[in-house]
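Have a look at the structure below, then the notes.
One-based numbering, in listed order, for ligands and for the atoms of each. Note that the structure is predicted; figures quoted are calculated from it, not measured.
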Amino acid sequence: MKYRNVLTLFIFALLAFPASFAQKKVPNAPQVVTDPSLTPENIQKVLDEAYAKFKDVKEGKNADYIKELASVDPNIFGIAIVTTDGKVYTKGDLTSAVSIQSISKVFTLARVIEEQGPKVIMDKIGVDATGMRFNSIVAVELQKGKEINPLVNPGAIAASSLVRGADSAAKWKNILQTHCDFAGRPLALDMPVYISEAGDNLRNQAIAHLLKAYGRMYFDPVQATDIYTKQCAISVNAKDLAIMAATLANGGLNPITKKVVVSSETVKYTLPVMATSGLYDDAGQWLYATGLPAKSGVGGGIIAVVPGKFGIAVISPPLSPAGNSIKAIYTIRHIVEALGVNPYQITPIK
Ligand code: DON
């Protein structure tokens, strides 16, 4: 009797332990595969539906305070999803590129966290949303340069000034390489957009000087603004942006190239800033609707990150008054709902 018990225990251990051990080794990996709504067929079906539903939306208008952006084709409409296991789903215009604009703020922020740790952002920039427009000078003045947030212009220029590099060229090289690693391919500058913004950039220069006055600018303000302006002019298509978002969704490992771009620790501190201030003064409305970290740019792109599952990007240039692509908002909201990936959507255990 005793021996039979021991034998039963032994067989049980043999069966149970390898299984639990295997689960511990790859805690996040199986999600995409096991989630019933995230089958390849369903993801493509939902993308196709969203494209058909929103392709004729005519709301909003291109940014024109950067003159070159006013002449970008407002009908560009591209959607891409890249999963953490490296599958790519697309619909619409994947060849037209736009300037990344403020979406770049995410990747420069991640670079600074990677290089100097999360505390430097708390100490030298701040993480609370300003609740004001992305280029608000009042927001800087109210807090005397404190709490300027790395995802709006003042904090983003400060973040660019913090990136490692002995001089302006080295800092820029570092930032461009970071963006290329996130996208998994060499990216180039949209020169007309860069020249257009750099030639008409007094407001951002004023912000950088004001920060300098408050001891919150960490490199020459004119050069830091120029580096920031260059990063905003990096040219990307919807698939590039989705791969960049998917790299965040995958804890910093690019799911296409398999390169570790930043650590999962860095991603852990980057995503909450996106969640609270990625869509500027409309960040609350966005989070309320989707529950997801995201980031917009005045070039017309929006990325959103479903942690552990996928990155999604939409490009459509016409913007809302807050500076966010209207069609991209509608499209991503629809897809998030249809795929059931809002992380706050909880099925109660009875
Ligand atoms: O500094 C600027 O104003 C632009 N280069 C970027 C602003 C931006 O993309 C805000 N996005 N929604």
Side-chain angles (χ1 to χ4, degrees), residues 60-70 72 97-109 129-140 148-161 172 175-176 179 189-211 217 221-236 241 244 273-274 276-286 293-304 313-329 332:
K61 88 183 212 335
N62 283 24
D64 55 8
Y65 76 101
I66 299 168
K67 292 188 183 57
E68 197 63 27
L69 298 185
V72 174
V98 296
S99 51
I100 189 168
Q101 296 298 339
S102 284
I103 302 172
S104 66
K105 291 166 176 161
V106 169
F107 305 103
T108 299
L109 166 64
T130 65
M132 293 185 193
R133 226 182 134 63
F134 57 83
N135 57 3
S136 171
I137 289 176
V138 173
V140 180
I148 48 180
N149 194 294
L151 296 188
V152 291
N153 294 15
I157 301 170
S160 302
S161 82
W172 164 238
I175 289 175
L176 180 61
H179 284 71
L189 268 195
D190 182 329
M191 276 315 265
V193 169
Y194 166 63
I195 290 166
S196 170
E197 187 169 7
D200 190 13
N201 210 7
L202 290 175
R203 190 182 180 94
N204 282 339
Q205 296 284 7
I207 288 172
H209 280 94
L210 191 56
L211 289 175
M217 177 55 49
V222 174
Q223 292 183 57
T225 308
D226 185 57
I227 296 167
Y228 160 82
T229 307
K230 275 198 187 114
Q231 79 177 41
C232 288
I234 292 172
S235 188
V236 284
L241 287 176
M244 296 171 97
V273 192
M274 292 172 71
T276 52
S277 35
L279 267 72
Y280 305 114
D281 23 340
D282 283 349
Q285 290 177 30
W286 170 267
K295 185 75 200 82
S296 63
V298 290
I302 297 187
I303 60 169
V314 176
I315 291 179
S316 164
L319 308 178
S320 71
N324 302 313
S325 164
I326 293 187
K327 221 137 101 172
I329 288 180
I332 301 177

Show the distances, to 0.1 Å, for all pairs joining an N/O atom of ligand 1 and a protein N/O atom that are shorter than 3.5 Å, listing one pair per line.
residue, atom, partner, partner atom, Å
ligand 1, 1 (O), N153, ND2, 3.0
ligand 1, 1 (O), E197, OE2, 3.3
ligand 1, 1 (O), N204, ND2, 2.9
ligand 1, 1 (O), Y228, OH, 2.6
ligand 1, 3 (O), Y65, OH, 2.5
ligand 1, 3 (O), N153, ND2, 3.2
ligand 1, 5 (N), Q101, OE1, 2.6
ligand 1, 5 (N), E197, OE1, 3.0
ligand 1, 5 (N), E197, OE2, 2.7
ligand 1, 9 (O), S102, N, 3.0
ligand 1, 9 (O), S102, OG, 2.6
ligand 1, 9 (O), V298, N, 2.9
ligand 1, 11 (N), S102, OG, 3.3
ligand 1, 11 (N), Y280, OH, 3.0
ligand 1, 11 (N), V298, N, 3.4
ligand 1, 12 (N), Y280, OH, 3.4
ligand 1, 12 (N), G323, O, 3.0

> Are any of the side-chain heavy atoms of N153 and R203 separated by less than 4.5 Å?
Replying inline: no

> Within the side chain of S296, is there an N or O that forms a donor-acceptor pair under 3.5 Å with the backbone of L279?
Replying inline: no

> Just by distance, do the side chain of N149 and the backbone of G155 share a donor-acceptor pair under 3.5 Å?
Replying inline: no

> Can S104 and Q231 be said to form a side-chain hydrogen bond (donor to acceptor under 3.5 Å, both in side chains), step by step?
Replying inline: CA-CA 6 Å; S104 66; Q231 79 177 41; 3.1 Å; yes

>> Using the rule given for side-chain contact (heavy atoms from CB on, under 4.5 Å), can you reason through Y228 versus Q223, listing the C-alpha separation, both sets of side-chain angles and the distance that settles it, and then say yes or no?
In response: CA-CA 9 Å; Y228 160 82; Q223 292 183 57; over 6 Å; no

> Do M274 and I303 have side-chain heavy atoms sitting under 4.5 Å apart?
Replying inline: yes

